[in-house]
Amino acid sequence: MMSEENSAAENAADKVNSEKHSPQAGIESELAKAYEPKAVEEKWYARWKESGVFQAVPDPNKKPYCITIPPPNITGSLHMGHALNNSVLDTLTRWHRMRGFSALCLPGTDHASIATQAVVVRTLAAEGIDYRTLGREKFIEKCWEWREQYGTRIYYQIEKLGCSYDWERVRFTLDSSYVDAVEEEFRRWYERGLVYRGVRVVNWDVKFQSAVSDIEVETQERQGKLYHFRYPFADGSGQITIATTRPETLLGDSAVAANPEDPRYQPLFGTMLRLPLTDREIPLIADDYAKPEFGSGAVKVTPAHDLNDFECGLRHNLPQHIVIGKDGRMTELAGVNFVGLDRFEARKKVVAEMDALGLVEKIEDYTIQTPVSERSGEVIEPLLSEQWFVDMKPLAKPAIDVVLEDKIHFFPARYKDIYLHWMENIRPWCISRQLWWGQRIPIWWTSDEQKSGDQPAVGTKAEDQNQNGDLRHAFARTREEAIIALGTENCWQDEDVLDTWFSSALWPHATLGWPRDTEDLRYYYPTNLLSTAQEILYLWVARMIMTGLDFVGTIPFHDVYIHATVLDEKGDRMSKSKGNGIDPIDLIERYGADATRFSLLQQAGKNQDIKYSEQRTDIAGNFCNKLWNASRFVLMNLDATTTGKLPPGERLTLIDRWLLLRLNRAIDGVNKNLATYDMDDATGELYRFFWNDFCDQYVEMVKPRLRSDGTAKGETEKADAQNVLAFVLETTLRLMHPLIPFITEEIWQALPHSGETICLAAYPVADSAYEDPNVETAFALITEAVRVLRNMRAELGILQSVKLNAAAVASVPISHVTLREQGALIVNMARLERLEVVETAPSAEGGKWVGTPIAGGVELFLEIGDALDTGKEQERVAKELGEVEKQIARAEGMLGNASFVERASAEKVAEERRRLAEWQDKRTKLEERRRQLEK
RNA sequence: GGGCGAAUAGCUCAGUCGGUAGAGCGCUUCGUUUACACCGAAGAUGUCCCGGGUUCAAGUCCUGGUUCGCCCACCA
């Protein structure tokens, strides 16, 4: 359990604390050494997992926070998109857990029907096995073997990333309870008539011999030809020219269409044409789908092989000639000259024969928008086929409403309109797949007809197929149910499987137990967030919203976050074939999970692409290294008495107050940015606060106080500084932990803290009590004085006695006092010999002291010595004066413009006047200095 | 064809309510200060894609265009 390791770590911390002044000997944790992410990360994940901190328990006293992660395919291994998304999900989960929510992040995997089948087929083929010869059952066994062997390897990779998911609740989309849920989904929709058997032109993947849905088809631009063919009139009185990119479909033409408004064809509608290469006659019909401006204005109509033509065919009651088969070869209906030919060979032959007949008018080069199957890369063949469909319209309506009513929020917001646009134009969803691996369709048949992606008989229409009176099929989970439902033992289950997305559409509620009424479902549903890549907005997100509303009655999640696409550094998509992919596991090995996460989160803003280069991981690694080393510094400067509790307010110095103010701003910023999924801004807050404010400013300034002078006052100052350091670092670690979990836990354990693990420590909350404008003003004066002095030193190489005139800042009470008190600080920071804070400007008599203005009316006076290179200083003053003149000209221009003074807001005008006065004052002082130098 | 996004320093990107353009990396100069050279200090660097408009004032708002990218789509 956690407590053992914890006490060990605390012992280490105690040792650090007790053996003061010999820190190296005291640090036993990794902190004794240079930062090695691997050593830090390997020990923590196992401890977290064993201690059960990731396991969520429904708790009525807590608020629920739930994410169901997008289930990766069992074929997959972690890629940059996963790494990005899981970094976001885990950060949000850890953040909520620390804020006291009952946080559940539920992991799982997807059986990925077509993708898995493809990879198993390929694996078998490599062993010389044709999967078809194995038979269905054996093949499915092979798929399960694959899943046993490789299906969960991605979990280990997600663990390496540090994700705090509840591994006790892992789900797989073919778990028996999940299968039950999908059957229930099918049954309800089937009984309501939303799932129906339909004959339509579907996207046929010739390689997989299966239908695929519209959104699994991508359009590629390919160079091809546009063929212009002549179709003669049946009576020989003339001819019509049509154009096509797919000549082989000519054999299946049922008509030629022209626009009813097209005067060229108006007199000819109804005329019969002789379809070349066949013995058929087809009519010239009027349909406004033909666009007069394209080509000749006439278009061939092939209802069985083109979706438009199919719909046109239905309007005109045209026959559907299927001339291309499921295997991509020409059917008998294509005629004896063509039967058995591959579709692309048939294309050449049709062109050759048309040419021989003198019916080719011309052939043009043409860029064709070619539909290609995403999974196989094969050119999609639109094919008339009988399949199972879901009528989406009734389901879309409520899913549109909840988004319009802002019950679901999209981040970035632009995806709302993109979603709505698609939903309003939604089309029927083809859910049957002619594959073996997947969830079998829970339908049983009695008819003798083939049931798998049927190509219906020629010349019939879709509606006729189902209208034969008898019950042809029924929903049944088992053979027994089927026999009862159909009233005969002469029945068998549908051969097809369901589209994978039909299963994953149920993900949020099915993983929580639906259709059973479980405690998890009642407590964690609706979930809080769905975060995913934009490419599956329609494929998945939209469908979860529809099923959630339809089956559970409520939205599945409140927020949808669409993360950017990770590209390579040139902006190209990462792909295996291009070899430009970055492997996140490789990054984790070399830079650590924390650096990998942080670098991804740094770029996870509102943009649609991330150009990722390894340099980004390197930079994030530097940040972790900085955190590591600064923490080592703090640890070796703590004592056994350091509690990490802030000293009483009156003992807090200006820089303490300033640091606490900056910390508070960072706390506020991180919380706000995480709430709006602005991960990049959250990392920016942490980066700037820790590196610039904590390390570069505070730690440098506090160093003198850590070296006590041995007096009681000195001891108190030292102890106070130690406690402020410990307090701020401990708070900062909690603030950072959700983003970079490993390194923060390692360091936190070595610091004074309460609790067993930082995973369950309270998340910092902003407190406006830390705000104090005087602190900021005073601190700004100090840093500005330091900056000016350093600049002078760098450019002039002088290090003389300096006086600081603070008289002019009496309007900011704290500054006056503080400048005097912090004189030593400025000396130290600017590496001066001596600094004196004076009430009035030293006399310029004899030119001994020369002044230079800094901010807020405060002036620095340097003692002129031999070392001062007057020439260089004159150059420097002239340059600064030039800048001042520019600013004065700008302000005078604005204030001299009557309409600005008249129309701009009063505050704005006053602000400009104030600035002008300030610049003018500075100019006066600079000019004075110039005169002195000239002497 | 429709929709969306992007264009700001050499590179990658921020820039909220319109009010003096920022960060990181890189670059120049300096620095072995007992956490860190994976560091520190100082510094240089802009036609905010182009044109027009609104406004006292535009990187920001409106309008037209250019280039790049993404998504959707049935133009043969």
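Labels below follow one simple rule: chain letters A, B, ... track the order of the sequence lines, proteins then strands, and each chain is numbered from 1.
- Across all strands, A/Q369 comes closer than 4.0 Å to base atoms (heavy-atom distances).
- Taking the ring centre of A/W429 as origin, the terminal cationic atom of A/R543 falls inside the region bounded by 6.0 Å and 45° from the ring axis.
- One atom, CG of A/D681, and another, C1' of B/C13, lie 12 Å apart when rounded to the nearest Å.
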Check your understanding: Base, backbone or nothing for each nucleotide of nucleotides 28-41 of chain B, written B, S, -, heavy atoms under 4.0 angstrom, 5' to 3'?
Key -> -----BBBB-BSSS
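- In B/C27 the O4'-C1'-N dihedral to the base is more than 90° from 0, which defines an anti nucleotide.
- Geometric assessment of A/K908 against the ring of A/F900 yields a negative cation-pi assignment under the 6.0 Å and 45° thresholds.
- Nucleic acid contact for A/A34: none, since no nucleic acid atom lies under 4.0 Å from a heavy atom of the residue.
- As judged by a 4.0 angstrom heavy-atom cut-off over every strand, A/D609 is placed among residues touching the sugar-phosphate backbone only.
- Between the CD atom of A/E218 and the P atom of B/C70 there is a distance of 11 Å, rounded to whole Å.
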Review point. Can you list the steps and then say if A/H228 with A/E364 is a side-chain hydrogen bond (donor to acceptor under 3.5 Å, both in side chains)?
Key: CA-CA 8 Å; A/H228 297 259; A/E364 296 173 301; 2.7 Å; yes
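- Comparing B/U67 with B/G26, their C1' atoms sit 26 Å apart, to the nearest whole Å.
- Between A/G297 and A/E535, the one whose closest nucleotide on RNA chain B sits nearer the 5' end is A/E535.
- Distance, A/E216 CD to B/C72 P: 12 Å, rounded to whole Å.
- Of the possible donor and acceptor atoms, one in the side chain of A/S296 sits under 3.5 Å from a partner among the backbone N and O of A/T241.
- Salt-bridge check for A/R427 with A/D214: passed, with a basic side-chain N closer than 4.0 Å to an acidic carboxylate O.
- Atom CD1 in A/I619 sits about 16 Å away from atom P in B/C11, given to the nearest Å.
- Ring planes of A/F410 and A/Y419: tilted class, angle from 30 to 60°.
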Practice item. Could you check A/E685 against A/R665 for salt bridge (Lys or Arg N to Asp or Glu O under 4.0 Å), going step by step and ending with a plain yes or no? Key: CA-CA 8 Å; A/E685 293 280 352; A/R665 296 261 176 90; over 6 Å; no
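- For the pair A/F900 and A/R688, nearest-nucleotide mapping onto RNA chain B gives the more 5' position to A/R688.
- Atom C1' of nucleotide B/C75 and atom CZ of A/R246 are separated by 13 Å, given to the nearest angstrom.
- Each of A/T249, A/D253, A/L384 was checked for a side chain to side chain contact (heavy atoms under 4.5 Å, CB included) with A/H305, and the lone residue meeting it is A/T249.
- B/C48 sits 14 Å from B/G22 when the P atoms are compared, rounded to a whole Å.
- Dashed line: the shortest gap from a side-chain N or O of A/Y366 to OP1 or OP2 of B/A76 is under 4.0 Å.
- Ion pair A/K33/A/E36 not flagged as a salt bridge, since none of the NZ, NE, NH1 or NH2 atoms sits closer than 4.0 Å to an Asp/Glu carboxylate oxygen.
- The nucleotide whose nearest atom lies closest to any side-chain atom of A/R427 is, among B/G69, B/C74, B/G19, B/C74.
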Give every pair of a protein N or O atom and an N or O atom of nucleotides 4-8 of chain B that lie under 3.5 Å apart, one pair per line with the distance.
none

Exercise for review: Might you work through the salt bridge (Lys or Arg N to Asp or Glu O under 4.0 Å) test for A/K922 and A/E883, ending with a clear yes or no?
Suggested key: CA-CA 11 Å; A/K922 197 162 184 179; A/E883 179 61 24; over 6 Å; no
Review point. When you look at A/D262 and A/R264, which way does the salt bridge (Lys or Arg N to Asp or Glu O under 4.0 Å) test go after all the steps?
Key: CA-CA 5 Å; A/D262 193 332; A/R264 289 171 294 181; 2.9 Å; yes
Review point. Once Watson-Crick and G-U wobble pairs under 3.5 Å are found, how is RNA chain B written in dot-bracket notation, 5' to 3', with | for any base paired to another strand?
Key: (((((((..((((.....[..)))).(((((.......))))).....(((((..]....))))))))))))....
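- In this entry the distance linking NZ of A/K908 with C1' of B/C17 reads 13 Å, nearest Å.
- Using a 30° and 60° split on the angle between ring planes, A/Y698 and A/F694 fall in the parallel class, below 30°.
- Following rounding to the nearest Å, A/E685 (CD) and B/A14 (P) show an atom-to-atom distance of 16 Å.
- Distance, A/H421 NE2 to B/A73 C1': 9 Å, rounded to whole Å.
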Practice item. Show your working on side-chain hydrogen bond (donor to acceptor under 3.5 Å, both in side chains) between A/K611 and A/S613 and close with a plain yes or no. Key: CA-CA 7 Å; A/K611 285 184 210 164; A/S613 74; over 6 Å; no
